[in-house]
Amino acid sequence: MTREIAKAYEPQKIEPRWADYWVKEELFRADPSAPGPAFCIVIPPPNVTGSLHIGHMLDHTEIDILTRWRRMSGYNTLYLPGTDHAGISTQRVVVRQLADQGIDYRKLGREEFEKRVWKWKEESGGTIIRQMKQIGESCDWSRERFTLSPELSRVVRDVFVRLYEEGLIYRAHYLVNWCPNCMTALSDLETLHEERQGHLWYIRYPILGSNEHIVVATTRPETMLGDTAILVHPADERYAGLVGKKAILPLVGREIPIIADDVVDREFGTGAVKVTPAHDPNDFEAGRRHDLPEIDVMTDDGRMGAAAGGYAGMDRFEARKRVLEDLKKQGLLENITNHVHAVGICERCKTVVEPRASTQWFCRMKPLAEPAIAAVENGEIQIIPANWREVYFHWMRNIRDWCISRQLWWGHRIPAWHCADCGKITVAREAPAKCAHCGSAKIEQDPDVLDTWFSSALWPFSTLGWPAETADFKRYYPTSVLITAHEILFFWVARMIMMGIHFTGKIPFHDVSIHPLVRNAEGQKMSKSKGTGIDPIDVNQRYGTDAMRFTLAAMAAPGGDLIWTEDRIVSARNFANKIWNAARFLFVNFEKVAAGGASLDELATPEMRAGAPYGANGDLALADAWLFSRLSAASKGVNEALEEYRFQQAAQSVYHFFWDDFCDWYIEWIKPDLAGPDGTRAKTAWKNLFAVFETALRLLHPFMPFLTEELWHQLPQRAGARSIAFERFPAAKAEWGNAEAEEQFAYLQDVVTALRDMRAGLKLDPKKKVAAQFSSEGKAWRDLVQRNLPTLLRLAVLSELSIGSERLPTAGGLVRSVLAKFEVRIALSEGLDIAAEARKLRKEIERLEKDIAAKRQRLDDDTFRTKAPESIVKGLEATLAERVLEREKLMTRFSQLEQGG
RNA sequence: GGGCGACUAGCUCAGUUGGUUAGAGCGCUCCCCUCACACGGGAGAGGUCAAAGGUUCAAGUCCUUUGUCGCCCACCA
């Protein structure tokens, strides 16, 4: 029987086939009525207009690894996909696109514009979902959700109304961050802060009815046009005589009061502050306290407005220049100093944000935050790694009300209607016919939409059908874990916890696992728009998605950032190639199995599926016992690591098992057995080889789904087997653990390595067989070597290996020893570089000497002996003895070498 | 102004609860196209774990200070 397997590993040929298969067969469709504990992850919904970037790739790789692992471990899994309508981002994209066609979106009107965005969404919105399918994510595609779909919009309205009725949503006039480019209010989180070198301008304000003046300092002189007061500290003697008087606002001529207020910092500037309630948060508060008028001197797009008099129509920064020039002309600009201060920047478009008083909708956060803080405090929700807990607490404990209204057209329109007659607001789930207060039909819906993150906050339960008690909601909520980057801890994670607890009475997820941010070699965040990123799809094309997934998993250690370098994916691709070739080794030899009388059907038995070693009841050769012990340890390692979201550790575990243990040692060790004349042994060897390989595929599957699916289907399978994704994930098997076999095999590995090292030192032809000697004082060790003699001869390319217990002489050859365990010798000296050997010995002796001294010192210390656990003391004593013996051997060898041996 | 994180081999990074010669990948040196694999095999070199102090029988691991870099939060005009 021959197996059809291509000689070369070409992921490009394999991956699309399985990606299609998984989607078409709907293999990962969740069934809430199926058995097993629930495991559910809802995707952090990517922007519908976006495409997959490296950050998604990492996020989705982790999610899919967990999902596939849990599915294989008997869980009832749901990985729910979906996208976010991404208000500002999407609107910006379409506005720009229309502008490119010479169309002003405002002239289209709201309705038409919304149509255009929906059209754009239908045309381009599928990209990221298509890419997710392409990279093999095991989602239930039948449950795909979109934040702006009619179903989810209904949930949003419902939540809004409830919060409004509970008094947690209110409409108020307040100072907000205004982006003059996006022309909308922003939340505090959407406003970034950037340290900039600016200036502090000192301006004289004349005092009414006198020749005096008062000097104020400001970083934004153009706002003076909206000044309505000056504040000084009540205890400031410099200004004591001026409090209660009025100043004349330059350029404007308005009379403004000078007021005492202890918020003023006497040390800063001149100790006198100009107050612009409409354009500064502090001033806004001061304005409220002192009942000052608010004068908004700007327009929505960041120009000076009617209230700015002669400056009306100018851009705000142009106006700044002109104001300063005019002040200078009038001799009122007293001083200019350099001043570094933080400037608010729009998260989306990087425009300098204008603080501005405006009427907006807000969500009261304190009452929502309290139970959300408690849920993390009491451990109901675990944040991993734990250092993010503190970050979360800090933000949550200082949380401020959330400005949720946006002056955009793309999003969930606020379900509030203003009455033209009574001026009151009607908030309702469905459009009302008339005002709830006066019955007037002259009502109009509020033009604003909700912050995108408002609907995202509901995602874990809105996607599962809440508020209906659906089967999905009952089965999969709370979800298991949220996998995300720390960037959106506040934007999204914190808000989901608050909303989840508030509306469902339950936490939205048990764990929050924060993964690193992917950066490039220069340490910058990978970003396509900045040209600092890579296109993961393109990289997948070149190396394979499996290699990409494995690379990311292997690099994703909790904590810091992850720097993307291409050499890591090269090594992961090489690993995939190694697996492919190990498979080929099996497949091309299946013929021999058949010829030897073993049947492939027999190999596909359920016992083999479970990875049970053939002849497990004591009939295991050393290498088999060792391999199964290693396999069990690797399985344990992978399971435990994934349990704690240590992807890096899990990947490493499976990598080393497969490459080092399985390929480099086991396969090489048993090769003759496979082809050997002894039918029973050959059959056993094949069965074990098959079982371990098949188990390894299952162990690898969550990391490299395509490759493992491909190879698994090439193995003999039960009829009707659909996918390795439904096979059992390998668990640690205590009965396979075999410390004795591990110790013995490691010993033999050391012997082989020492012999090979000598061959290299003697520059022997790799094929040239030589005679060697082995010596150990332990009879058990000599017996072990004796039992494994043929293998040792083959692996070290020896003609013979004598076994003894006497010290081996250096003269006339080369000797190696591994600690006090054994000595090996090759009796040749032609190729020997005596000087190099002497250097090596001296170095090793020096190292041992240091080590011995350190250990002696510790053992001579009585406090150590009394305080340290006995096992540590005993262990130290034993190693010290070994080191001393080894040093002595090396010294003897060294002196023999010096004597011209 | 607060807070957090990083600093370990030439490079990119691991190192769970402190415990006996600190690991990986890439790169480097030497040997090999040996019948699964040169995207490979074999052997090896390379680190006083940023610095200083401290706690401890014992510190890469805990504490303090310093330095360098990065990030987050913050309404000093």
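Letters A, B, ... mirror the listed sequences (proteins, then strands); counts begin at 1.
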Review item, nucleotides 75-77 of chain B N/O atoms under 3.5 Å of protein N/O:
unit_1, atom_1, unit_2, atom_2, d
rC75(B), OP1, R400(A), NH1, 3.1
rC75(B), OP1, R400(A), NH2, 2.6
rC75(B), O2', N282(A), ND2, 3.1
rC75(B), O2, N282(A), OD1, 2.0
rC75(B), O2, N282(A), ND2, 3.3
rC76(B), O2, D265(A), OD2, 3.0
rA77(B), OP2, H339(A), NE2, 3.3
rA77(B), O2', A217(A), O, 3.4
rA77(B), N6, D265(A), O, 2.5
rA77(B), N6, F268(A), O, 3.2
rA77(B), N1, D265(A), N, 3.2

With sugar-phosphate meaning primed atoms plus P, OP1 and OP2, does S571(A) contact a base, only sugar-phosphate, or nothing at under 4.0 Å between heavy atoms? sugar-phosphate
Enumerate the ring-ring contact (aromatic ring centres under 6.0 Å, His included) contacts for residues 840-881 of chain A, please, sequence neighbours excluded, ordered by first and then second residue. none
With a 4.0 Å cut-off on heavy atoms, is D765(A) in touch with a base, just the backbone sugar-phosphate, or nothing at all? nothing
Partner nucleotide, any strand, of rG40(B) [Watson-Crick/G-U, under 3.5 Å]: rC32(B)
Would you indicate what R847(A) reaches in the nucleic acid, counting non-hydrogen atoms under 4.0 angstrom: base, sugar-phosphate, or nothing? base
Under 3.5 Å for both donor-acceptor distances, Watson-Crick or wobble: does rC62(B) have a partner, and if so which one? rG54(B)
Categorize T753(A) for me: base, sugar-phosphate, or nothing, with a 4.0 angstrom heavy-atom threshold over every strand shown. sugar-phosphate
Between rA45(B) and rC39(B), how many Å separate the two P atoms, rounded to a whole number? 26 Å
Could you measure between the two P atoms, the one in rC63(B) and the one in rG3(B), and give it in whole Å? 16 Å
Return the polar atom pairs (N/O with N/O) between nucleotides 16-19 of chain B and the protein under 3.5 Å, or none.
unit_1, atom_1, unit_2, atom_2, d
rG19(B), N2, R858(A), NH2, 2.8

Could you tell me whether a side-chain N or O of T270(A) sits under 3.5 Å from a main-chain N or O of V215(A), the two making a donor and an acceptor? yes
Quick one: closest heavy-atom pair of R794(A) and W669(A), and the distance? NH2-O, 2.7 Å
Whichever of K874(A) and N574(A) has its nearest RNA chain B nucleotide further upstream toward 5': K874(A)
So what does W201(A) hit on the nucleic acid, given a heavy-atom distance under 4.0 Å: a base, only sugar-phosphate, or nothing? nothing
Minimum heavy-atom distance I259(A)-A229(A), with the two atoms named: CD1-CB, 4.1 Å
Mind checking if R756(A) touches a base, just sugar-phosphate, or nothing, with heavy atoms under 4.0 Å? sugar-phosphate
Might you point out which heavy atoms bring L715(A) and F587(A) nearest each other, and give the distance in Å? CD2-CE2, 3.5 Å
Just name whichever nucleotide pairs with rC49(B), Watson-Crick or G-U, keeping both distances under 3.5 Å, else none. none
Separation of the C1' atoms in rA9(B) and rC28(B), to the nearest angstrom: 11 Å
G-U wobble or Watson-Crick pairing nucleotide for rG5(B) (cut-off 3.5 Å, both distances): rC69(B)
Considering the options T753(A), D750(A), D757(A), which one meets the side chain to side chain donor-acceptor pair (under 3.5 Å) requirement together with R816(A)? D757(A)
Strand partner of rU12(B), provided both Watson-Crick or wobble distances fall under 3.5 Å: rA24(B)
